[in-house]
Amino acid sequence: MPQYRKMLYHLTVDGNKQSKPELDEQEFEEIGFVVMDSLNLTIPIRITIWQNGFLKFITGIVTKVDLLMKYIVLKLIINKEH
């Protein structure tokens, strides 16, 4: 029975996975504007991250942008409403 449960769990998880989204040049440009606005004006933004087939959402304010290494640093905002 435990093997059946494990197999059923994996089928459910694998069935919910999404393929990695592909962004075009215009979408990258729009993201760049939003990131720089957050950095310069301390505006909170919501970022969607694709990780192992699943989308994760993070809300924060951009505190650093490294164009050479292609990463950003966020000050996380914790939503206390939930």
Review item, side-chain donor-acceptor pairs of residues 21-36, under 3.5 Å, at least two apart:
| unit_1 | atom_1 | unit_2 | atom_2 | d |
| --- | --- | --- | --- | --- |
| D24 | OD1 | Q26 | N | 3.1 |
| D24 | OD1 | E27 | N | 2.8 |
| Q26 | NE2 | E30 | OE2 | 3.4 |
| E27 | OE1 | D24 | N | 2.8 |

Quiz item: If you look at every heavy atom in S38 and G60, which pair is closest and at what distance?
Solution: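 Heavy atoms only, the tightest pair is OG-O, 4.2 Å.
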
Quiz item: Cluster partners of L41, using ILVMFWY side-chain heavy atoms under 4.5 angstrom, listed by chain and number?
Solution: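 Cluster partners of L41: I43.
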
Distance-only check: which donor-acceptor pairs under 3.5 Å involve side-chain atoms of residues 50-57, not counting sequence neighbours?
| unit_1 | atom_1 | unit_2 | atom_2 | d |
| --- | --- | --- | --- | --- |
| W50 | NE1 | Q18 | O | 3.0 |
| Q51 | OE1 | K56 | NZ | 2.7 |

Quiz item: Considering residues at least two apart in sequence or located in another chain, which fulfil the side chain to side chain contact (heavy atoms under 4.5 Å, CB included) criterion with T42?
Solution: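 Here the qualifying residues are I61.
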
Practice problem: List in chain and number order the residues that pass side chain to side chain contact (heavy atoms under 4.5 Å, CB included) with I58, two or more places apart in sequence or in another chain; answer none if no residue qualifies. | Solution: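 Per chain and number, I58 pairs via side chain to side chain contact (heavy atoms under 4.5 Å, CB included) with I49, L74, L76.
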
In residues 62-72, what donor-acceptor pairs under 3.5 Å come from side-chain atoms, sequence neighbours left out?
| unit_1 | atom_1 | unit_2 | atom_2 | d |
| --- | --- | --- | --- | --- |
| T63 | OG1 | V73 | O | 3.3 |
| K64 | NZ | Y71 | OH | 3.3 |
| D66 | OD1 | L68 | N | 3.1 |
| D66 | OD1 | M69 | N | 2.9 |

